[in-house]
Student: 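Below you will find the structure I want to go over with you.
FYI, side chains are in, hydrogens and waters are out, and symmetry mates aren't considered; it's all heavy atoms of this structure.
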There are 2 protein chains.
Amino acid sequence: MAKSVLGRGTARARVLEAALAKFAEHGVSGTTLQMIADSIGVGKASVYYQFRSKEDIVAAAAQPMFDDMARVVTIAEAISDPDARREVTISGFLEFSVRHRRLSAVLARDPALESLVQSREDLTEIVDRFTNLLIGDGTRPEGRILISFVTHGIYGSVTDKALEDVSDEELHRTLLAVAQQLTRKAPHFE
Amino acid sequence: MAKSVLGRGTARARVLEAALAKFAEHGVSGTTLQMIADSIGVGKASVYYQFRSKEDIVAAAAQPMFDDMARVVTIAEAISDPDARREVTISGFLEFSVRHRRLSAVLARDPALESLVQSREDLTEIVDRFTNLLIGDGTRPEGRILISFVTHGIYGSVTDKALEDVSDEELHRTLLAVAQQLTRKAPHFE
DNA sequence: GTCTATAAATTGATAGAC
DNA sequence: GTCTATCAATTTATAGAC
């Protein structure tokens, strides 16, 4: 029996699902435990039975995204050719961004996530290695701007409410084409 | 004597500047009036002497961005050719995004801003007209994805801390080239 | 314009019954 | 696993002195 990452159907999973929905709508700081409890029809104390603190909920909700990021990092770092390495990194980034869509991707632009990463060594390491794969050493401003543009473009698109009707497949296909057009064989990197 | 939009040097302007800095760092919901007051060395009551409420501060801080957006809308709507119209819209968007940089652009991805827009007719109208200029009618999914990608790429890049050392000029020039490469003469629109 | 003091509501979090 | 009740701290916001 395959168990979901979040433990599908459990009380804990219901809290995480509700929390993610609220985080996406109001941001982490704008979401109270009361909102989360209300949206699943339980009291606040019940939420605290599943998680020690609000930060714990944020961490648990974001974990799948960091797991995916770690997988991409492991795979990409094994590639020696710089261009191929960056292409695999961006492709992997796009894949897990689409996979989580409104879930983890929204958390990526929340100030609370930055605090979380800074407070945990393991997350800091993953994010740093991931950033290094994207930017690398000695990249010129043009290349750095391009990378920033592509990653933010991907994050923004997958979480865009105006694109909710677009299927994961079409979104992935279109974004991959755009990202590759911008970064493949680009003379912006040195 | 030219007066700044925010009224440079006044107590009111100091509050707005401090507020924007905190909003950028912690998000609107994550910023308290205490933080704002502390960062300019005054009491909370002094902040309330300048603004009726926290929402008022958010509105005043974001106003310059909406003013610029309104200007772009007015100019672009006067253009009859659809392709030229969209190009001018994106170019104008890029210009005021870079002009405000860490200021208004950060607010653009804060959930509190969406609430503000929804609560004020005038802002809703401007944003709707701006969105229409970008997307228009009957645009295929590919085109909508591309527009989302470009706008979010621009917003993300200008607010990226890793690009703080890049000058406004270089940022503007590079992003314009990228945006035009993606949207000019594109067969994705119909 | 700024301060101190305080109100009124909400927040994250805990204790203990069922 | 959920509930009621509650706490301590914080938050937005106001009143009134200087």
Student: Apply side-chain contact (heavy atoms from CB on, under 4.5 Å) to the pair Asp110(A) and Phe23(A), showing each step before the final yes or no.
Tutor: CA-CA 9 Å; Asp110(A) 198 296; Phe23(A) 290 163; 5.7 Å; no
Student: Could you please spell out the steps behind the salt bridge (charged side-chain N to carboxylate O under 4.0 Å, His left out) verdict for Glu169(A) and Arg173(A)?
Tutor: CA-CA 6 Å; Glu169(A) 290 71 24; Arg173(A) 176 169 21 95; over 6 Å; no
Student: So, Phe130(A) versus Phe66(A), ring centres under 6.0 angstrom or not?
Tutor: no
Student: Mind listing the residues from residues 37-54 of chain A sitting with a heavy atom below 4.0 Å of DNA chain D? Number order is fine.
Tutor: Gly41(A), Val42(A), Gly43(A), Ala45(A), Ser46(A), Tyr49(A), Gln50(A)
Student: Sequence neighbours left out, cut at 3.5 Å: what donor-acceptor pairs do the side chains of residues 27-37 of chain B make with other protein atoms?
Tutor:
unit_1, atom_1, unit_2, atom_2, d
Thr31(B), OG1, Lys22(B), O, 3.1
Thr31(B), OG1, Gly27(B), O, 2.7
Thr32(B), OG1, Gln34(B), N, 3.4
Thr32(B), OG1, Met35(B), N, 3.1

Student: Check this one for me: any side-chain N or O of Arg14(A) less than 4.0 Å away from OP1 or OP2 of dT2(D)?
Tutor: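 For dT2(D), OP1 or OP2 has a side-chain N or O of Arg14(A) closer than 4.0 Å.
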Student: Ring centres under 6.0 Å, that's the criterion: do Tyr48(B) and Phe51(B) meet it?
Tutor: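 No, the ring centres sit 6.0 Å or more apart.
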Student: For Thr31(B), which contact category applies under a 4.0 Å heavy-atom criterion: base, sugar-phosphate, or nothing?
Tutor: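 Result for Thr31(B) = sugar-phosphate.
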Student: Side chain of Thr32(B) only, please: which of dT2(C), dA13(C), dT12(D) is the nearest?
Tutor: dT12(D)
Student: Would you mind reading off the distance between Ile36(A) atom CD1 and dG12(C) atom C1', rounded to a whole angstrom?
Tutor: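 Between C1' of dG12(C) and CD1 of Ile36(A): 11 Å.
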Student: Could you check how far CD of Gln34(A) sits from P of dA13(C), rounded to whole Å?
Tutor: 14 Å
Student: Whole-Å distance between dT14(C) P and Asp56(A) CG?
Tutor: 11 Å
Student: Could you tell me the separation between the CG atom of Leu33(A) and the C1' atom of dT2(D), rounded to a whole number of Å?
Tutor: 16 Å
Student: Should Arg71(B) and Glu95(B) count as an ion pair when the cut-off is N to O under 4.0 Å?
Tutor: no
